[in-house]
Amino acid sequence: MSQEVRLRFPPSPTGYLHIGGARTAILNWLYAKKHDGKLILRIEDTDAERSTEESIKGIIDGLTWLGIDWDEGPYFQTQFSEDHKKAAQQLLDSDQAYRCFCTKEELEAKREAALAEKRDVKYDGTCRHLSPDEVQAKEEAGLAAVIRFKVPRDRSGMVSYDDKVLGTIGRSYDDIEDFVIVRSNGKPLYLLCNVVDDIRDRISHIIRGQDHLSNTNRQLLIYEALGAPIPTFAHMPLTLDLQKKKISKRSHGEIVSVQYYREQGFLPWGLVNFLVLLGWSPGDDREIFSKEELIEAFSLERINKANSIFNYRKGDPKFFTDPKAININAHYLRTMAISEIAPLVKGQLLAAEIWDEAYEGEKREWFNQTLEMSRERFHTLKDFTTHGRAWFSDDFQMDPKALKKNLLKHPQLEEWLPELGRRFAALDDFSAASCEQLCRDFAAEKDVKPGIPINGSRAVLTGQIKGPSMFEVFAHLGQETVVRRLAETNKWFQGDE
RNA sequence: GUCCCCAUCGUCUAGCCAGGUCCAGGACACCAGCCUUUCACGCUGGCGACAGGGGUUCGAAUCCCCUUGGGGACGCCA
């Protein structure tokens, strides 16, 4: 009988859900799904100083939006502090931990001295060798004490394990200091809590970032001291910026938060698909996956060893985030079923206050066709309310380039376009074909290239410099709107005085 | 300073474990052409990498060593 597969995502609620954390959650989720396991959400809120309710909500909202579901939790680490204290006591009782009376100041001084002399900065073990009498005396004197784990010193060799991503990882006992597991105020620390919780939650696989590599060696010792089975570890590569620095809110701002992508009109699965490709590949050329395909294709062994770079250039006018992320998102935007896109666009239109209830009533068909026509060139849901705004509202912005190149460059258009509008008004059959015929006849009559009235119309009707076939646009926008907007052509000319 | 991890196009990566089919494949980005009234759609093509040095071998992107480079950890944070 094989062991039950149980994974966990344990964020600390000290900020929003950022894309690195989301990536960790995604990989854990994929592995759980693939192996019919469970994913546990555990909020590691032991750092009372920095944990916030808002952050907890942000993390849960972010995961939910991404479509990352969990089977148990959220549990809160603070709810289990008795477990943590009991474990610490157990280690103390079994002589696998000891009280340390060194003050923060003393330790800080030693650390700085060591750094200054370019010596190793590990704890020197001062309190490890205190006699029972000395310990008692210090306790009676009311000295505050932390609890340190007693790293075995009588062993040679390494504490090692087989990492599913990196292979065999080892570190010699000598290189591990007697680390603190309980604060002097009695609050247990991450290294201990995390292990105790993972044991209690019967976690079988731990997938986390390589920044935890050195924690793992120490935590292995805790598992052993507590007599618990060791889970399988997989350390995934970190995500760095172009300067090869860890991405963080502090230095990168909102661009690393999941919420930002939501606000920018990303499709949740588009983001998931991009993120999973950052440090993992299926081994073949596939890059676009449905949820089922991704779960099927996923494996720990195919996670990369090397860190990957989030290709984001601050201030890039063309790409507000990694171009590949946008490209993948655009792919989904163009290929998803209209029925799936429609409610998402509705959300955008509602937020922009240009939603019309009729889009779900008598204009439903028109609305769906509009999405089909316009999404061809779009990258995010936001484009429906920016580049595509004129489909839904007369109150749209004119692209300065369209104004300059397709309108102001040809001053006659101020007269011609209203005239063209009057002809459109007289048209009985307002189809793309007859609109095209009308435009071409008009251009021939004025002895100019058809592109001039056509592109001028595009500017006045859509505010854009490009878009779908203009004849389709005429027909789809409808006679009434086309005539009205062309009649108002002069407002664009006046605006430029 | 100590310990650990990593190293293929600008970016994400395939190939590496089981050396030859790799003068290194795909994607994004970029450039050019085509299509088009227009276009950040589409199509075609182009540019572009095995960090360096030794070694093993008939043969190395693949195995070994060194160097260099990058990252991480070294908290009474998580």
Side-chain angles (χ1 to χ4, degrees), chain A residues 10-14 44-47 49-51 77 100 102-104 107-108 111 114-123 144-148 163 166-167 169-172 174-177 179-185 187 189-191 193-194 209-217 235 237-238 240 242 244-246 274 277-288 304-312 318-319 322-328 330 334 375-379 383 387 402 405-406 436 439-440 443 449-455 457-458 464-471:
Chain A
S12 60
T14 55
E44 307 222 319
D45 56 348
T46 53
D47 185 352
E49 309 244 319
R50 298 194 298 154
S51 299
Q77 196 161 53
C100 167
C102 298
T103 65
K104 276 185 190 175
L107 294 171
E108 189 55 34
R111 191 172 299 126
L115 236 27
E117 294 169 33
K118 298 196 182 242
R119 280 187 291 106
D120 198 355
V121 295
K122 287 197 296 286
Y123 177 60
V146 300
I147 299 175
R148 284 182 186 274
D163 189 282
L166 300 169
I169 302 287
R171 191 176 176 193
S172 72
D174 288 344
D175 290 328
I176 306 175
E177 70 172 352
F179 51 93
V180 177
I181 53 176
V182 179
R183 293 173 162 107
S184 55
N185 66 7
K187 295 245 168 69
L189 256 4
Y190 167 79
L191 248 15
C193 299
N194 188 248
Q210 288 182 14
D211 49 345
H212 282 284
L213 229 32
S214 68
N215 287 335
T216 303
N217 298 293
H235 288 93
L238 268 19
L240 312 175
L242 281 165
K244 304 240 174 104
K245 299 299 170 204
K246 263 176 91 170
F274 166 70
L277 254 18
L278 222 47
W280 174 85
S281 89
D284 53 40
D285 288 341
R286 286 178 297 162
E287 297 200 317
I288 299 292
N304 273 193
K305 292 179 178 172
N307 293 339
S308 51
I309 290 170
F310 176 57
N311 190 15
Y312 153 68
K318 197 165 175 188
F319 303 105
D322 190 317
K324 189 141 189 167
I326 295 176
N327 177 276
I328 290 173
R334 291 174 196 138
R375 70 172 176 173
E376 201 55 41
R377 285 143 184 93
F378 288 175
H379 293 92
D383 291 335
H387 299 312
K405 184 179 170 194
N406 291 335
E436 173 164 11
C439 286
R440 293 195 186 281
K449 285 187 289 188
I452 291 174
I454 290 170
N455 285 317
S457 299
R458 183 187 298 286
Q464 297 294 299
I465 196 166
K466 69 218 172 198
S469 160
M470 201 52 210
F471 312 119

Assigned partner base of [N], Watson-Crick or wobble definition, under 3.5 Å:
| N | result |
| --- | --- |
| B:C43 | B:G33 |
| B:A7 | B:U68 |
| B:A24 | none |
| B:U62 | none |
| B:U2 | B:A73 |

Of the candidate nucleotides [options], which contains the atom at the shortest distance from the side chain of [X]?
| X | options | value |
| --- | --- | --- |
| A:Ile454 | B:C76, B:C39, B:U37 | B:U37 |
| A:Arg377 | B:G72, B:C30, B:C39 | B:C39 |
| A:Ser214 | B:A73, B:U37, B:C28 | B:A73 |
| A:His212 | B:A78, B:C41, B:G72 | B:A78 |

Quick one: does any side-chain atom of [X] pair with a main-chain N or O of [Y] as donor and acceptor, under 3.5 Å?
| X | Y | result |
| --- | --- | --- |
| A:Arg458 | A:Pro468 | yes |
| A:Glu436 | A:Phe471 | no |
| A:Asn327 | A:Pro323 | no |
| A:Gln210 | A:Ala306 | no |
| A:Asp45 | A:Pro13 | no |
| A:Asn307 | A:Pro237 | no |

Q | Nearest-0.5 Å distance that lies between atom SG in A:Cys100 and atom CD1 in A:Ile181 | A | 11.5 Å
What interatomic distance, in whole Å, is found between [atom1] of [M] and the corresponding atom of [N]?
| N | M | atom1 | value |
| --- | --- | --- | --- |
| B:U8 | B:A51 | P | 6 Å |
| B:C74 | B:A49 | P | 39 Å |
| B:C4 | B:C66 | P | 13 Å |
| B:G72 | B:A78 | C1' | 15 Å |
| B:C16 | B:C50 | C1' | 11 Å |
| B:C9 | B:G1 | C1' | 37 Å |
| B:C34 | B:G25 | C1' | 26 Å |
| B:C23 | B:U67 | P | 31 Å |

Should [X] and [Y] count as side-chain neighbours, where that means a heavy-atom distance under 4.5 Å?
| X | Y | answer |
| --- | --- | --- |
| A:Ser12 | A:Tyr190 | no |
| A:Asp163 | A:Thr216 | no |
| A:Ile176 | A:Arg171 | yes |

Q.
By nearest heavy atom, map A:Phe319 and A:Lys246 onto RNA chain B; which one lands nearer the 5' end?
A. A:Phe319
(Q) Return whichever of A:Arg334 or A:Thr46 has its heavy-atom-nearest nucleotide of RNA chain B closer to the 5' end. (A) A:Arg334
(Q) Output one letter per nucleotide in nucleotides 10-16 of chain B: B when a protein non-hydrogen atom lies under 4.0 Å from the base, S when only the sugar-phosphate is that close, - when neither is. (A) SSBSSS-
Under 4.0 Å, counting only non-hydrogen atoms across every strand here, what does [X] touch: a base, just sugar-phosphate, or nothing?
| X | value |
| --- | --- |
| A:Lys187 | nothing |
| A:Pro450 | nothing |
| A:Val146 | base |
| A:His235 | nothing |
| A:Arg440 | sugar-phosphate |
| A:Pro468 | base |

Could you tell me the separation between the [atom1] atom of [X] and the [atom2] atom of [N], rounded to a whole number of Å?
| X | N | atom1 | atom2 | value |
| --- | --- | --- | --- | --- |
| A:Ile181 | B:C77 | CD1 | C1' | 16 Å |
| A:Phe378 | B:G42 | CZ | P | 15 Å |
| A:Asp383 | B:C41 | CG | C1' | 13 Å |

Q | Phosphate OP1/OP2 of B:U38 contacted by A:Lys405 side-chain N/O (<4.0 Å) | A | no
Q | A:Lys324 bridged to A:Asp322 by N-O distance under 4.0 Å | A | no
Q) Taking N and O atoms by type only, does the side chain of A:Asn215 place a donor or acceptor under 3.5 Å from a partner on the base of B:A78? A) yes
Collect all protein-nucleotide pairs involving nucleotides 1-5 of chain B in which both atoms are nitrogen or oxygen and the distance is under 3.5 Å.
{"residue": "B:G1", "atom": "O4'", "partner": "A:Lys118", "partner atom": "O", "Å": "3.1"}
{"residue": "B:G1", "atom": "O2'", "partner": "A:Lys118", "partner atom": "O", "Å": "2.9"}
{"residue": "B:C3", "atom": "O2'", "partner": "A:Arg171", "partner atom": "NE", "Å": "3.3"}

